[in-house]
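Worksheet: one structure, shown below.
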Amino acid sequence: MMGLKQSGLPNYRFADPFAHADLIRAAHDDARLILNRDPDLQSPRGQALRMLIELLISQFAGVRNLSLRAVIWDFGGVFTTSPFEAFNRYEAARGLPHNLIRTINAANPHTNAWAKFERSEISASEFDTLFAEEATALGHQVRGADILPLLSGDIRPNVVAALKDCKAKYKVGCITNNVSTGSGAGMAGTAEKAKAVAEIMTLFDHVIESSK
């Protein structure tokens, strides 16, 4: 919520991605632990965290002399399990370096195969070839076609419930980076999952997809 842009190298109000990389990873792991153990923030630690979040939101709104009227959500890795986890499982199963896929995607972030596919400038078959070339340049064999099925995560019911609570108070929107693969905005791998994603999308007042 405290970031300034949705893609590319982020700028945060409270952290420097380079200077605080270890701290950011620790915070990410801690947040995931809280979501797994206390998704409703009912424990003493959860209630303290809820108060901190409300304080940060109120301060952020006050600094800009604004009242909070809308909340913008990402989709993949928020409403669904993170594709990064699937990437890491794929890498481990094939003896590839940890975070290789993310490293490939981070190089030349505005012009690489991933960026072009997100903007629908290339087809899935062209992505397959270009991604493989980028992987080869780093000394590894990874086809883009192998990566696409990893993008479809499982729905997180607790986050859907949080969206519904949020929608009762504010306008809600979704800005998501996706590609033209699978079914629907969530790049679902099955008809059942595509239906579930479509139902979530109807909750938003506005949806912006990078591939459209």
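A donor-acceptor pair is defined here as one N or O able to donate and one able to accept, closer than 3.5 Å; no such pair exists between the side chain of Gln141 and the backbone of Thr136. Under the 3.5 Å distance criterion, the side-chain polar atoms of Glu209 are left unmatched by any main-chain donor or acceptor of Ile175. One N or O on the side chain of Asp128 and one on the backbone of Ala145 form a donor-acceptor pair closer than 3.5 Å. Formation of a donor-acceptor pair under 3.5 Å by the Thr81 side chain with backbone atoms of Asp154 is found in this model. Panel note: side chain Lys116, backbone Phe127; no donor-acceptor pair is recorded below 3.5 Å. Of the possible polar contacts, one joining the Asn112 side chain to the Asn105 backbone as a donor-acceptor pair under 3.5 Å is found. In this structure a side-chain-to-backbone donor-acceptor pair under 3.5 Å is missing from Glu118 to Ala115.
The minimum heavy-atom distance between Val78 and Val159, with the atom names listed, is O-CG2, 3.4 Å. Nearest heavy-atom pair, Cys166 versus Trp73, reported as atom, atom and distance to 0.1 Å: CB-CZ2, 4.0 Å. The two residues Arg156 and Thr80 make their nearest non-hydrogen contact at NH1-O, 3.5 Å. Closest heavy-atom contact between Glu134 and Ile104: OE1-CG2, 3.7 Å. Taking every heavy atom of both residues into account, Cys174 and Asp74 meet most closely at SG-C, 4.3 Å. The heavy-atom pair separating Arg143 from Phe131 by the smallest distance is C-CD2, 4.1 Å.
Geometrically, Arg119 does not engage Phe117 in a cation-pi contact, judged by NZ or CZ lying under 6.0 Å from the ring centre and within 45° of the ring axis. Geometrically, Arg102 engages Phe84 in a cation-pi contact defined by less than 6.0 Å to the ring centre and at most 45° from the axis.
Sparse packing is recorded around CD of Glu192, with 12 or fewer heavy atoms of other residues, nucleotides or ligands lying under 6.0 Å away. Shown here is Lys171, whose NZ atom has no more than 12 heavy atoms of other residues, nucleotides or ligands within 6.0 Å.
Taking CZ of Arg89 as the reference point, atom CG of Leu150 lies at 8.0 Å (rounded to 0.5 Å). The structure places CD of Glu121 at 10.5 Å from CD of Glu126, a figure rounded to the nearest 0.5 Å. Once rounded to the nearest 0.5 Å, the distance linking NE2 of His140 with OG1 of Thr103 reads 9.0 Å. Atom CG of Leu52 sits about 11.0 Å away from atom CG of Leu41, to the nearest 0.5 Å. Taking CD1 of Ile72 as the reference point, atom CD1 of Ile208 lies at 7.5 Å (rounded to 0.5 Å).
For the residue pair Glu85 and Asn88, no side-chain donor N or O sits within less than 3.5 Å of a side-chain acceptor on the partner.
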- Should Val172 and Leu203 be marked as a side-chain contact (heavy atoms from CB on, under 4.5 Å) after you check the CA-CA gap, both sets of side-chain angles, and the distance that decides it? CA-CA 8 Å; Val172 290; Leu203 298 174; 5.7 Å; no

- Hey, mind stepping through Val197 and Phe75 against side-chain contact (heavy atoms from CB on, under 4.5 Å) and telling me if it holds? CA-CA 10 Å; Val197 170; Phe75 195 86; 3.7 Å; yes

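The six-membered or imidazole ring of Phe204 lies near that of Phe79, with a centre-to-centre distance under 6.0 Å.
Using a 4.5 Å heavy-atom cutoff, the side chains of Trp114 and Ile147 are in contact. The closest side-chain heavy-atom distance from Val142 to Tyr90 is below 4.5 Å.
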